[in-house]
Amino acid sequence: MARKMLIDGEMNQSNQEEAHYDFDLFVIGAGSGGVRAARFSTQCGAKKVGICELPFHPISSETIGGVGGTCVIRGCVPKKILVYGASFGPELEDARNYGWELSDKIDFNWKKLLHKKTEEILRLNGVYKRLLSNAGVKLYEGEGKVVGPNEVEVTQLDGTKICYSAKHILIATGSRAQRLNIPGQELAITSDEALSLDELPKRAVVVGGGYIAVEFASIWRGMGATVDLCYRKELPLRGFDDEMRAVVARNLEGRGIHLHPETNLKELVKAERGIKVLTDHGEEIMADVVLFATGRLPNTKRLNLEAVGVEVDKLGAIKVDDYSRTNIPSIWAIGDVTNRVNLTPVALMEGSLFAKTVFGGQPCKPDYNNIPCAVFCIPPLSVVGLSEEQAIEQAKGDVLIFTSTFNPMKNTISGRQEKTIMKLVVDAETDKVLGASMCGPDAPEIMQGIAVALKCGATKQQFDSTVGIHPSAAEEFVTMRSVARRLAKPKTNL
């Protein structure tokens with residue numbers, strides 16, 4: 001049965017006079033998804049759009065944030081800047097065998113990089129504000145919450161509260177880093193603070209096995225710190241392809257990071273020489289900084305959702321249908337606050353499709369298949385589609401695995417002992433490429449192109465018939481001829 005969508009102009013189709021609202025759309029949260037939804041809604045026909053966001057600060061809290069959101073201010077963008085900065089150290093070492101005569105002592109100025117990073121996020125904060133202004137979106141600085149199905153309240157910087165009515169309300173407040181509940185937790189920092197430290201730590205303990213954990217471990221190690229990485233599983237990056245997880249772990253160790261698998265923290269103790277980290281294996285590790293990279297929780301605490309009747313799950317994530325609509329027909333939600341696929345480009349997609357659905361008269365469901373992503377450890381990991389384990393679970397028949405492991409051309413001269421590995425996962429019956437992954441230099445740049453191929457339903461034969469670019473690492477994806485292994489779907493008695 002076709003679903004009836006609450007779209008702009010719907011009430012005009014009846015003989016009833018449309019109710020008057022201050023805004024066609026009011027968005028709470030001006031991160032990537034919220035800004036995209038607001039701008040695109042004006043393009044799709046919304047006449048009056050408002051958006052509110054907390055005042056700017058690099059480190060977020062319940063009362064400070066900034067236009068641009070996590071990704072721009074305290075996430076993807078500043079993180080990638082630090083990854084670039086950290087990559088130069090090993091690159092300079094590699095340059096010696098390429099004929100560059102460098103001093104034995106090469107200094108790194110953390111404060112200079114920090115200043116440049118802050119300049120860039122301030123610039124981007126201004127860019128996002130201009131994008132909203134140019135689209136005719138009214139920006140309010142303050143804390144927003146829902147006080148009715150069609151009403152929002154904005155607490156302004158001076159404490160005054162103003163209420164606005166809106167035909168549609170969109171919640172795009174993202175997520176926030178969570179802390180481990182252990183004694184001494186107040187001594188640790190999250191990724192927010194890690195991006196704005198006054199001093200570069202000489203000794204760092206990173207807790208967690210996700211992408212944020214391995215990225216910061218790589219960053220600090222690349223800048224010369226001693227780094228210990230503690231995580232609960234046997235390998236980091238749970239949910240990624242197991243073979244790739246092992247490669248990342250090997251590379252982290254190869255770069256000098258001390259790995260502590262199957263390890264939990266028991267307590268943090270303030271000591272004269274720093275922070276004493278106590279593990280459940282009886283280890284004691286001294287650190288200048290302890291980073292909790294142990295997941296994020298949806299930002300819904302102060303939105304007044306319960307009073308309005310908006311349903312959330314046990315983590316606080318807003319429950320939505322396939323079109324990003326909550327159980328209250330006039331209230332919608334996109335991005336990390338819904339805890340679906342928590343990636344900035346996914347929030348952008350959801351924001352774009354929200355605008356088409358509500359104001360463009362084109363009900364659109366986000367497609368979460370074949371979403372590429374990257375882990376910016378050094379060297380990076382990037383994937384799209386199914387992992388080997390997912391393919392075995394989901395495929396109807398046998399699965400073919402193609403792999404290529406090689407020493408990148410650059411390393412043959414520099415002498416760095418670090419292999420690149422690539423993998424294609426193929427459906428044996430249809431020849432369709434189900435997944436691709438790569439760990440090695442430039443993996444994210446290469447994988448973006450591979451993602452287009454998978455989105456188009458490319459087959460292994462089409463990969464094989466594509467002419468490669470030589471010499472490049474990327475050409476390996478079109479020259480994998482031999483099956484590394486054939487995996488049969490486990491038979492059941494059902």
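Only a predicted model underlies this, so the values are computations on that prediction, with no experimental measurement involved. Note that these values count all heavy atoms, side chains included, but never hydrogens, waters or copies made by symmetry.
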With no hydrogens and no angle check, is any side-chain donor or acceptor of Thr459 less than 3.5 Å from a backbone partner on Gln462? yes

Checking Asp280 side chain against Asn264 main chain: does a donor-acceptor pair fall under 3.5 Å? yes

Any heavy-atom pair between the side chains of Leu268 and Phe292 that's under 4.5 Å? yes

Heavy atoms, side chains only, cut-off 4.5 Å: are Lys117 and Ser196 in contact? yes

Is it true that Asp367 and Lys455 make a salt bridge, defined as a side-chain N closer than 4.0 Å to a carboxylate O? yes

Calculate, to the nearest 0.5 Å, the distance between atoms CD1 and SG belonging to Ile81 and Cys76 respectively. 11.5 Å

One should read off an interatomic distance between Leu195 CG and Ile121 CD1, to the nearest 0.5 angstrom, of 8.0 Å

Would Lys276 and Glu267 count as a salt bridge (Lys or Arg N to Asp or Glu O under 4.0 Å) if you check the C-alpha gap in whole Å, the side-chain angles of each, and the deciding distance to 0.1 Å? CA-CA 8 Å; Lys276 184 189 296 183; Glu267 185 178 3; over 6 Å; no

Using 0.5 Å steps for rounding, measure from the NE2 atom of His57 to the CG atom of Asn125. 12.5 Å

State, yes or no, whether a side-chain contact exists between Val227 and His258 at a heavy-atom distance under 4.5 Å. no

Between the CE atom in Met438 and the CE atom in Met422, the distance rounded to the nearest 0.5 Å is 3.5 Å

Salt-bridge test for Lys410 and Asp94: reply yes if a basic N is under 4.0 Å from a carboxylate O, no otherwise. no

Do the side chains of Glu418 and Arg255 get close enough for a salt bridge, i.e. N-O under 4.0 angstrom? yes

Keeping the roles fixed (side chain from Glu284, backbone from Val277), state whether a donor-acceptor pair exists under 3.5 Å. no

Checking Asp288 against Arg273 for the side-chain contact (heavy atoms from CB on, under 4.5 Å) test, could you report, in this order, the C-alpha distance in whole Å, the side-chain angles of both residues, the deciding distance, and whether it holds? CA-CA 8 Å; Asp288 303 310; Arg273 296 187 299 113; over 6 Å; no

Looking at Asp442 and Glu445, would you say the former's side chain and the latter's main chain have a donor-acceptor pair under 3.5 Å? no

Is atom CZ of Phe406 surrounded by more than 12 heavy atoms (other residues, nucleotides or ligands) closer than 6.0 Å? yes

Is there side-chain contact between Glu62 and Lys301, with at least one heavy-atom pair below 4.5 Å? yes

Donor-acceptor pair, distance only, cut-off 3.5 Å: does the side chain of Thr403 make one with the backbone of Ala484? no

How close do Ser191 and Ile212 get, heavy atom to heavy atom, and via which atoms? CB-CG2, 4.0 Å

For the residue pair Arg176 and Asn299, confirm or rule out a side-chain donor-acceptor distance under 3.5 Å. yes

For Gln461, is there any backbone N or O sitting under 3.5 Å from a side-chain donor or acceptor partner on Ser465? yes

Charged N to carboxylate O below 4.0 Å: is that the case for Glu243 and Arg485? yes

Could you check whether Arg36 makes a cation-pi contact with Phe40, meaning its NZ or CZ is under 6.0 Å from the centre of the six-membered ring and within 45° of the ring axis? yes

Does a side-chain N-to-carboxylate-O contact under 4.0 Å join Asp313 and Lys319? no

Pick from Val205, Val214, Val207: which one makes a side-chain contact (heavy atoms from CB on, under 4.5 Å) with Leu229? Val214

Quick one: are Thr70 and Arg296 in side-chain contact, heavy atoms under 4.5 Å? yes

Please check: side-chain N/O of Arg245 versus main-chain N/O of Leu237, any donor-acceptor pairing under 3.5 Å? yes

Treating Thr300 as the side-chain partner and Gly316 as the backbone partner, does any N or O pair qualify as donor plus acceptor under 3.5 Å? yes

Rounded distance (nearest 0.5 Å) linking atom OG of Ser60 with atom CG of Leu54: 9.0 Å

With distance as the sole test, does Arg221 use its side chain to make a donor-acceptor pair with the main-chain N or O of Leu252 at under 3.5 Å? no

Before accepting this row, confirm whether a basic side-chain N of the pair Glu120/Lys80 lies closer than 4.0 Å to the acidic partner's carboxylate O. no

Go through the steps to decide whether Asp322 and Lys365 satisfy the test salt bridge (Lys or Arg N to Asp or Glu O under 4.0 Å), and finish with yes or no. CA-CA 6 Å; Asp322 290 343; Lys365 300 178 184 179; 3.7 Å; yes

Measure the shortest side-chain to side-chain distance between Arg232 and Thr263 over non-hydrogen atoms and say whether it is less than 4.5 angstrom. no

For Phe402, is the NZ or CZ atom of Lys460 found under 6.0 angstrom from the centre of its six-membered ring and inside 45 degrees of the ring axis? yes

State, with a plain yes or no, whether a side-chain heavy atom of Tyr128 is found less than 4.5 Å away from one of Ser32. yes

Would you check if Phe463 and Leu424 make a side-chain contact, meaning some heavy-atom pair closer than 4.5 Å? yes

Between Arg96 and Glu101 (side chain of the first, backbone of the second, donor and acceptor by atom type, cut-off under 3.5 Å), is there such a pair? no

Audit row: Glu388, Asp242, side-chain contact (heavy atoms from CB on, under 4.5 Å) steps and yes/no: CA-CA 8 Å; Glu388 182 175 331; Asp242 284 350; over 6 Å; no

Return the CG to SG distance between Asn342 and Cys373, rounded to the nearest 0.5 Å. 12.0 Å

Salt bridge or not for Lys79 and Glu215, using N-O below 4.0 Å? yes

Ion pair check, Lys396 and Glu429, cut-off under 4.0 Å: no

